[in-house]
Amino acid sequence: MTHWKSELYCTAFNKQQLPPAELDEIVFAGRSNVGKSTLINSLLGRNVAKVSSKPGKTRSINFYKIEAPENERFMLVDIPGYGYASKSAEERKSWRHLIEDYFAAKRKISFVVHLVDFRHGMLDNDLELEQWLDEIDMPRLIVFTKADKISGGKRKGTYDKYVRGGIESVLPPYLTSGANNEQAEALRQGLIKAKNGLKKMTAAAKL
């Protein structure tokens with residue numbers, strides 16, 4: 001079992017509060033109520049991200065400083081969810097500007113972890129995020145959440161259907177189910193693998 005040391009390093013509600021870009025950053029993004037906070041808590045092994053039944057609870061960009069085995073250090077960045085219809089248009093606009101300011105800044109973003117509800121696959125808002133990530137040339141890793149909501153007998157067929165439908169992901173998409181320790185461990189290893197693999201590709205391209 002891989003153990004990560006983590007701390008909430010910074011919380012930013014506006015561009016001025018964004019911390020210096022000192023470490024590689026892995027960004028977690030997904031629709032409101034996709035289970036992002038639950039998954040982050042599972043990965044970190046403690047309850048640091050607020051879990052709520054009400055969508056759109058995350059209103060800031062939260063930076064978690066991670067120390068993993070073999071001297072791996074990076075920031076896990078939790079950005080506000082999208083698709084929160086219950087929030088005001090002004091509030092949604094404010095959050096969108098904060099996210100755009102973050103990605104526009106000169107940061108060390110390795111890739112985006114795009115969380116997708118396994119029950120529904122890519123919805124309109126997910127496709128909009130994918131299109132935007134394409135526009136800014138940002139790699140992404142697809143992670144399906146709430147896989148336990150699909151019966152075991154149908155799980156593989158559902159997974160294969162989504163993959164055949166065309167998914168861009170730096171590694172084969174991961175399946176996760178709440179606080180499943182085995183799945184969290186596989187994803188922890190996958191995040192490090194993707195981060196280091198993309199860094200090697202970037203270094204090779206500069207030669």
Item to check | CA sep, side-chain torsions, deciding dist, call: Val113, Arg140, side chain to side chain contact (heavy atoms under 4.5 Å, CB included) | outcome: CA-CA 6 Å; Val113 177; Arg140 78 294 315 248; over 6 Å; no
Checklist entry - Would Ile192 end up clustered with Leu198 when hydrophobic side chains under 4.5 Å apart are linked, directly or stepwise? => result yes
Checklist entry - Counting N and O atoms only, with roles assigned by atom type, does the side chain of Ser42 sit under 3.5 Å from a partner on the main chain of Thr38, one being a donor and the other an acceptor? => result no
Next on the checklist: So which atom in Pro172 and which in Leu141 form the shortest heavy-atom distance, rounded to 0.1 Å?
Outcome noted: O-CD1, 4.4 Å
Next on the checklist: Would you say that Ile167 contacts Val116 through its side chain, given a criterion of any heavy-atom pair below 4.5 Å between the two side chains?
Outcome noted: no
Checklist entry - How are the rings of Phe144 and Tyr159 set relative to one another: parallel (under 30°), tilted (30 to 60°) or perpendicular (over 60°)? => result perpendicular
Next on the checklist: Whether the side chain of Arg107 engages the backbone of Glu25 through a donor-acceptor N/O pair (distance < 3.5 Å, no angle test) should be reported.
Outcome noted: no
Checklist entry - Less than 4.5 Å apart, any side-chain heavy atom of Lys15 and any of Leu98? => result no
Next on the checklist: Tell me which one of Tyr64, Phe63, Tyr9 satisfies side chain to side chain contact (heavy atoms under 4.5 Å, CB included) with Leu76.
Outcome noted: Tyr64
Next on the checklist: If I take atom CE from residue Met75 and atom CG from residue Asp24, how far apart are they, to the nearest 0.5 angstrom?
Outcome noted: 10.5 Å
Checklist entry - Are Val112 and Leu133 close enough that some pair of their side-chain heavy atoms sits under 4.5 Å apart? => result yes
Item to check | Derivation of the side chain to side chain contact (heavy atoms under 4.5 Å, CB included) call for Val77 and Phe28 | outcome: CA-CA 6 Å; Val77 183; Phe28 276 61; over 6 Å; no
Checklist entry - Does any non-hydrogen side-chain atom of Gln17 lie less than 4.5 Å from one of Thr11? => result no
Checklist entry - If you round to the nearest 0.5 Å, how far is CG of Leu115 from OG1 of Thr145? => result 6.0 Å
Item to check | Val27 and Ile109: CA distance, side-chain angles, deciding distance, side chain to side chain contact (heavy atoms under 4.5 Å, CB included) verdict | outcome: CA-CA 7 Å; Val27 182; Ile109 302 174; 3.9 Å; yes
Next on the checklist: A quick test of your reading: do over 12 heavy atoms of other residues, nucleotides or ligands sit less than 6.0 Å from CG of Asp160?
Outcome noted: yes
Checklist entry - Does the pair Lys193 and Leu171 meet the rule for a side chain to side chain contact (heavy atoms under 4.5 Å, CB included), with working shown? => result CA-CA 9 Å; Lys193 180 180 179 180; Leu171 293 174; 4.2 Å; yes
Checklist entry - Between the main-chain N or O of Ile142 and the side-chain N or O of Ser169, is there a donor-acceptor pair closer than 3.5 Å? => result yes
Checklist entry - For the side chain of Arg73 and the backbone of Glu67, is there at least one donor-acceptor N/O pair under 3.5 Å apart? => result no
Next on the checklist: Between Arg119 (side chain only) and Lys149 (backbone N and O only), is there a donor and an acceptor less than 3.5 Å apart?
Outcome noted: no
Item to check | Contact check, side chains of Val143 and Pro173, non-hydrogen atoms, under 4.5 Å | outcome: no
Checklist entry - Is the side chain of Ser60 donor-acceptor paired with the backbone N or O of Phe13 at a distance under 3.5 Å, no angle test? => result no
Checklist outcome for this item: So CG of Leu175 and NZ of Lys146: to nearest 0.5 Å the spacing works out to 14.5 Å
Item to check | Cluster link Met138 to Leu18, ILVMFWY, side chain under 4.5 Å | outcome: yes
Checklist entry - Within the distance-only criterion (no hydrogens, no angle test), does the side chain of Asp126 pair as donor or acceptor with the backbone N or O of Leu123 below 3.5 angstrom? => result yes
Checklist entry - Is there a donor-acceptor contact under 3.5 Å from the side chain of Tyr162 to the main chain of Gly121? => result yes
Checklist entry - Is there side-chain contact between Phe118 and Asp148, with heavy atoms separated by less than 4.5 Å? => result no
Checklist outcome for this item: Interatomic distance, OG1@Thr176 vs CD@Glu182, rounded to 0.5 Å, equals 13.0 Å
Item to check | Under 3.5 Å: donor-acceptor pair, side chain of Ser6, backbone of Ile66 | outcome: no
Item to check | Ion pair Asp117/Arg31, N-O distance below 4.0 Å | outcome: no
Item to check | Nearest-0.5 Å distance, CD of residue Gln183 to CG of residue Leu39 | outcome: 9.5 Å
Checklist entry - CZ of Arg188 to CG of Leu44: how many Å apart, nearest 0.5 Å? => result 8.5 Å
Item to check | Heavy-atom pair of closest approach, residues Ser110 and Pro139 | outcome: O-CG, 3.9 Å
Item to check | Pair Glu22 + Lys108, salt bridge at N-O below 4.0 Å | outcome: no
Checklist entry - Can you tell if the side chain of Glu128 reaches within under 4.5 Å of the side chain of Asn125, non-hydrogen atoms only? => result yes
Item to check | Shared hydrophobic cluster for Ile40 and Leu8 (ILVMFWY, side-chain gaps under 4.5 Å) | outcome: yes
Checklist entry - What closest approach, in Å, do Lys106 and Ala21 show between heavy atoms, and which atom pair accounts for it? => result O-CB, 3.7 Å
Checklist entry - Checking Lys36 side chain against Ile79 main chain: does a donor-acceptor pair fall under 3.5 Å? => result yes
